[in-house]
Each structure stands twice: as structure tokens, then as C-alpha cells.
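Take a look at the structure below.
Counting convention: from 1, in listed order, for ligands and their atoms alike.
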Amino acid sequence: MKELSKTYDHKRVEDKIYALWEKSGFFNPDNLPRNHKKPFTILMPPPNASNPLHAGNAVMIALEDIIIRYHRMKGEKTLWLPGEDHAGFETQVVYEKKLEKEGRARFQMTRQQFYEEVWRYTQENRAVVRNQIKKLGASCDWSRDTFTLDPAIVKTVYGTFKRMFDEGLIYRGERLVNYCTKHRTAFSELEIKHEERKDPLYYMKYGPITLATVRPETKFGDTAIAVHPKDKRYLQYIGKELEVETVLGKKKIKVIADESVDPEFGTGAVKVTPAHDFNDFETWQRHKQEIPGPIRVIAQDGKLTQVAGPYAGMKVLEARQKVAEDMQIKGLMEKIDQNYTHTVALCYKCNSVIEPMLMAQWFVRVEPLTKAATEAVKRKKIAIIPKNQEKIFSHWMKNIRDWNISRQNWWGIAIPAWQCNECFSWVTTEGKEPTQCSKCNSSNLTKDPDVFDTWFSSGQWPFATLGFPNGKDFKTFYPTSVLETGWDILFFWVARMIMLGLYCTGKVPFETVYLHGLVRDKDRQKMSKSKGNVVDPLGITEQYGTDALRMALTIGNMPGKDTILSEEKIRGYRNFVNKVWNVARFLLLNAQDYDRKTIPRLTTQDRKIQKEFSLVAKKTTSYIEKFRFSHAAETLYHYLWHTFADKILEESKAILQNPKRKTARQYVLLSIFKDIIKMLHPFIPFVTEEIYQQLPLKNKKETLMIEKWPV
Ligand SMILES: [Zn+2]
Ligand SMILES: [Zn+2]
């Protein structure tokens, strides 16, 4: 007689089952039985190839595998395409830390040397990440696995850049960018964080006018004094040029009137420093005819430039103190308010204060793109779950500035642009090095040293991975069905995919966006290494099994909200997995002799049990269709444990001893349990497959993965 082992041993089962699935070939939609016709596609958001998976990646894999396995069992031609992200700046930071530990530094290496080392490093890590994804039970198609630096991806990205440049959607602009002087790169406005700080507010004298500033060290770049046009205190000076005393001697400076000046701030007069302040840059744009343009005071290494005279070479904070001191000595400082609170922008990686830096960069003119994207969401071509994120999305779309896609990194996709050294115009290509300037035919060209912002390339992921524009996969699987990711990257990534997808293909890249909750610890704290509260998903699966982890990641995870993961929770679902196993064991012991070819005569009681279950099955299915995975999993959990095991099996013990009722009851129990196993499969794939393989069922398929969904 066949018998299941006393306890479920995930360590013995999981690798064996995953190998069985891989061998079946059904992860690849091309190998599915022919009746799987309707395409269903999810592109896995590629995890970083520079780090092992974290709990956030595990949530994504658990939820996407639920969706994919469900649709596969519904008979669809299901593609889940995996990938790994080169993660430009993120990886560069990780690798630089590694170099630091080894007593080395990026700036001591050649760029090529650095690139080759990071390439090897990410390839090694890719293998680790892939194995971890497998450990989590992901039924994705490894034959289509893609790296974000694969030649086909880079080719698509270059094609898009060229087309956008030719159509005037990408332009070269000298603008202020958010710059980290430690990492020596620019950031988009999304990549900086803000913090309230208390800093001294300096009241500096410019001749007869006193003005307030937190940055006296940038005064060498002042090109005007601005006041509000209706401010009576300063009317007499507007339009006049003052000759004023400064720490570097006499200087001429003009007073201008601008509506943007707040008469309530400080003294109502402010300095205009277009090279180092976003507002001042805009003020200068409005007064270009009247005042000089930007004067660089701070260089990209964070030190003062030659225009600062004796202060040149000093770092910002040092210079600030020294300039303030010297002004006090010369009687140019009226007072210093030590309790001024304001918001400063910081690098999200290293907390350095962001310097607005004047740099020539590539910008995407976003307005035409955001218009189309907003329209697509408004017209319900794309649904965002939870729905309240749609409003946030539209609001953000209305307010973004042109997108700076240049990054001064070494690790990333090089920008295919060359500047002519004779006429200074730009030549862009689809990657090939040009031989001459398209304007003046000079062959004296210099390549742009910058790389793309990674979101520019990952924004093209949905069509680049599928072989846009002529590939078979692109024709079959695009637009994709669901984009599943954390709500925190709605703007970074999802918005860019919608914008670039619509621009390049004329179609939305996906029909539904599902934004899962972010993982927090049991005290609702964000997980971080420094807090020591990180739950390592792979460590947990070793101990409790993947199925238990997947249940813990699914139950309680509501779209757009944060979710809790703790060891206790995972242990709880390990008990559930054992419960499923024990039920299977009981049935195998008590129904093994069932061999009827036709349906036996059922009692009223038997039929009532069937009816009850069919309601549970319908409810569960409807939850999955509505992306309410937590509810679906909980419904099955409670039915299996509290109804099927606690009530029905208990009651059946006597019935199974009764020769008149035994066969009918065996039939009911087996058929319901078979359906439960199918419906639990997307949530806890390993234990259900192992049970399926062992149960004495008629017309079994090669694997549970391609069984038909019961509803
Ligand atoms: Zn930084
Ligand atoms: Zn030229």
C-alpha cells in the first residue's frame, strides 16, 4: 500500500519538484498543450544583478507566480519572462564599496578595467539570483532569460534614442542638475531625498541693501539682487546698478524686480546665483537681457573654483565658514540667525547635500509623452490597482520637468552621441561610431562620456525583451497583461514604461498595473541592514520551506499598502503546509481502495458538502480575478483547515467505516481534495505538486501545473 511519509520534508521535495517542472518544459509557452491559445504575459521586474534577492523581490515572485500558475491552469498561453538588471548606479555603488574594502578605488582604475570587473561581478551574481528565483518556485521561462545589457536590449535603446533625437524629443541642454559631489553624478529629481535642517541664515550687506542667504560661499556667482516689484523698501533701487564692497573688493551688481521674490523672507531682498540655485536659474532666464548668466563657483569635485579667489580649492562648508568670518571682519555681515529651519536635498545613497550643478546633459522633452500616458490611464487602456494610485499618477504626470537622462557613471549603457570639435554640433547614431560630423563633415569628433539613466533603458523593457519591432514574441505577447511591482517605483519605472511604450510601439505596454505592498517587520518598520531587522527570504525557505514563505508573503499583502513579514508568521503557515500534507495522508490511507469508474450514489449530506465547496471555489476564483490574492489564499486556508479537515474529515471517520456509505464519501472527499490541491497550487506549488504526484487519481497529467482550474 502506498503511503505518504509522516511529515512533509520540504528539503527532500523542493529541488526534486522544481527539476520535474523544468524537465516538463511547460514554463515555456511554446511547449504548452495546443489548446493553450490566448496569450497571457508578465515580464518579471528584473532584480538587481549586484545583490542577492531581498524580501521585496520575494513578494514580487510569489504574487507573479500565483497569477501565472492560475492563468496557465485556465488554459492560457502563459509567458513569464525573467531577467536581471545591471542596475547602473546601484551596482556601481555596491562595487565601489567592495573596492574600498580591498583598498582600491574607481578613480585609480581605467574606465574599461572597471567596466570589465563589474561585468564579471554581475555575471556571477546573476547566477546566484537565478538560483534564488528558482528556490522560490518561480515558473518562469528560463529560455527567454534576459540581462538588461544584452545586445538586443542595447540595440533597441539606441534605436529609441536616435529616433527621439531626430524627432526633437531629446535635446542637449545646459541646465542645473541635482549633483552629488561624492558620487560625481547627476540625479533625476526622483532620486534625491529631502530633510529638514537647522542652518545659520546670514544677513549680508550689499551696499545699502541687506539680504538673507544660507549660502554666503556662492556669493562669487551672484549676478543680481532681486526684490519684489511692489516692495516699497526697495523701489528706489530697482533697475539700478550698485557698486558694493565685498570680501574680494568692489563689485557692480544690478537690482532687479521679480514676482517670485517673497517680501516676507529675510529682508525681502535676495541674491541671484543662477549657477547654484534652481530658482535663481529660472530668475536669470526671465531677466536674460538685464543681468549676466551663470558663473560657476563650485566645481564637480565639490570645491570652490578660481572665481572665489583666495577661497578657491576649499570645500563648500569650509568656504562658507571662512567667507562668513571674513565678511564679519570687514563689517559686511549684519547678523547671523542661528535658528533657521529649511529643507535640504540629499543624495539618496550617501546623504551628501545635493549641489545644483550647471551641466550640459541630454534631456527628454516629456510633455508629449506624459500627455499620451495620462490619456491612456484616463481612457482605461491601463488600469492601476489600487485605483487611488491613478489619481496620484495623473497628478505627477502633470508636474514633471524634462527628464535628464545623462549620468556620469562608468557602469551602464554608453550614450551613442559624439560632439564635433569644429562646429560643436552633435552626431547621434544607433550605436555605430560616426566617421564625420553630419553638419561640417569634420572627422574631429569626441564621444559623450556619459551613460544613460537606467530608467531610460528599463523604461523600454516590455518591448525590448520581446523582440520589438518584428519578433514573433512581440507579435504574440505584446501588449503584456499585467505589470506587477512595488508601489514605490510607480513613477521611476511604471510611468517611464508607459511613456516610452506608447511612444515606440503606439500601444500601452501592459493592461493592468498591480502595485503590491512593501515588506515591513513585525513592528511595521522598514527592513534595513542597519536596523538588523531584515528577514532573508532564502534563509527562511531553508528552515520553513518555500511554500510557508509564499503564504506569509501573500496573506495580508494588500495593493498599495505595506505588509508585515515575521518569522512567527512564516512558522504559522508552515503549520498550514503540514496540515495539507496530513489531510493528503489521511485520504491516501482511507480512500486508496476507491476504484469506481462511475459516480456513486450520493447522499443529501454528500451533496451538501459538494455544494458548499463549489461556493468556496467560485469565491476564491473571483478573488484571484480581482487581484485579491490575500483573500483568495485566506479563503482556501480556512476552508481546508476549519471546514474540510476539522469538520468534514472528522465526520467522515465513522462514515468510512460504514460499507453502505463509504464509496460515496470516498468519492466526495477525493474529488474535493483534488480541486483544493489544484486551487492551492499557485500559492503553495511544491507541497501540492508532491501530493498530486502521489495521489491515486485517474487521468493524471504530467504535472499539476497544467491541470485544468476547477472553476
Ligand atoms: Zn552620493
Ligand atoms: Zn561639425
Side-chain angles (χ1 to χ4, degrees), residues 48 50-51 87-101 104-109 114 118 162 165-166 170-174 176-195 197 215 276 278 298-303 315-318 343-362 404-412 415-429 432-455 492 528-530:
N48 288 359
S50 53
N51 280 312
F89 177 65
E90 296 280 329
T91 301
Q92 184 165 310
V93 170
V94 168
Y95 202 77
E96 283 193 283
K97 277 193 186 144
K98 184 176 177 292
L99 288 176
E100 208 178 301
K101 272 188 204 146
R104 301 195 290 156
R106 167 161 70 104
F107 292 108
Q108 295 165 351
M109 303 164 81
F114 181 81
V118 181
K162 175 95 173 79
F165 177 81
D166 291 344
I170 281 180
Y171 63 90
R172 188 81 181 163
E174 192 164 63
L176 285 189
V177 294
N178 297 294
Y179 193 85
C180 171
T181 52
K182 186 187 165 210
H183 284 112
R184 296 204 196 170
T185 184
F187 289 114
S188 76
E189 54 188 307
L190 292 173
E191 287 161 307
I192 53 174
K193 52 180 196 180
H194 294 93
E195 197 178 277
R197 282 208 180 160
R215 305 204 63 180
H276 297 287
F278 286 98
I298 298 159
Q300 288 172 15
D301 58 5
K303 291 175 181 164
K315 287 201 160 183
V316 168
L317 287 181
E318 186 192 356
T343 309
V344 290
L346 304 174
C347 170
Y348 80 111
K349 272 284 169 216
C350 71
N351 278 334
S352 300
V353 174
I354 289 290
E355 279 297 339
M357 194 69 75
L358 191 66
M359 289 176 78
Q361 308 268 282
W362 294 107
N404 167 15
I405 53 167
S406 297
R407 293 292 180 275
Q408 292 69 51
N409 297 332
W410 287 1
W411 176 241
I415 297 177
W418 289 259
Q419 189 170 32
C420 172
N421 294 320
E422 307 291 335
C423 74
F424 303 109
S425 63
W426 283 90
V427 186
T428 65
T429 73
K432 234 183 102 191
E433 187 164 351
T435 49
Q436 58 181 45
C437 170
S438 44
K439 225 178 215 157
C440 75
N441 296 335
S442 161
S443 57
N444 186 2
L445 304 172
T446 304
K447 187 166 193 211
D448 180 357
D450 291 349
V451 298
F452 285 117
D453 174 10
T454 38
W455 301 107
F492 275 114
S528 75
K529 276 187 195 150
S530 55

Practice item. State yes or no: are the ring centers of W362 and F165 separated by less than 6.0 Å? Key: yes

Practice item. Fit a plane to each ring of F89 and Y348, take the angle between them on a 0 to 90° scale, and name the class: parallel (under 30°), tilted (30 to 60°) or perpendicular (over 60°). Key: tilted

**Study point:** E433/K447 ion pair, N-O < 4.0 Å
**Key:** no

Practice item. Start with the C-alpha distance between E96 and K101, add both sets of side-chain angles, then the distance that settles salt bridge (charged side-chain N to carboxylate O under 4.0 Å, His left out), and finish with yes or no. Key: CA-CA 9 Å; E96 283 193 283; K101 272 188 204 146; over 6 Å; no

**Study point:** Side-chain donor-acceptor pair present, D448, W426, cut-off under 3.5 Å
**Key:** no

Check your understanding: In this structure, are over 12 heavy atoms from other groups packed under 6.0 Å from K303 atom NZ?
Key -> no

Exercise for review: Could you tell me whether a side-chain N or O of R407 sits under 3.5 Å from a main-chain N or O of D450, the two making a donor and an acceptor?
Suggested key: no

Practice item. Applying ring pair (Phe, Tyr, Trp, His ring centres under 6.0 Å), name anything that partners F452, two or more places apart in sequence or on another chain. Key: F161, F456

Review point. Which residues satisfy the side chain to side chain donor-acceptor pair (under 3.5 Å) test with Q92, sequence neighbours excluded?
Key: none

Review point. From the Zn ion (ligand 2), how many protein N/O/S atoms are found at a distance short of 2.8 Å?
Key: 4

Practice item. Could you give me a count of protein N/O/S atoms that are under 2.8 Å from the Zn ion (ligand 1)? Key: 4

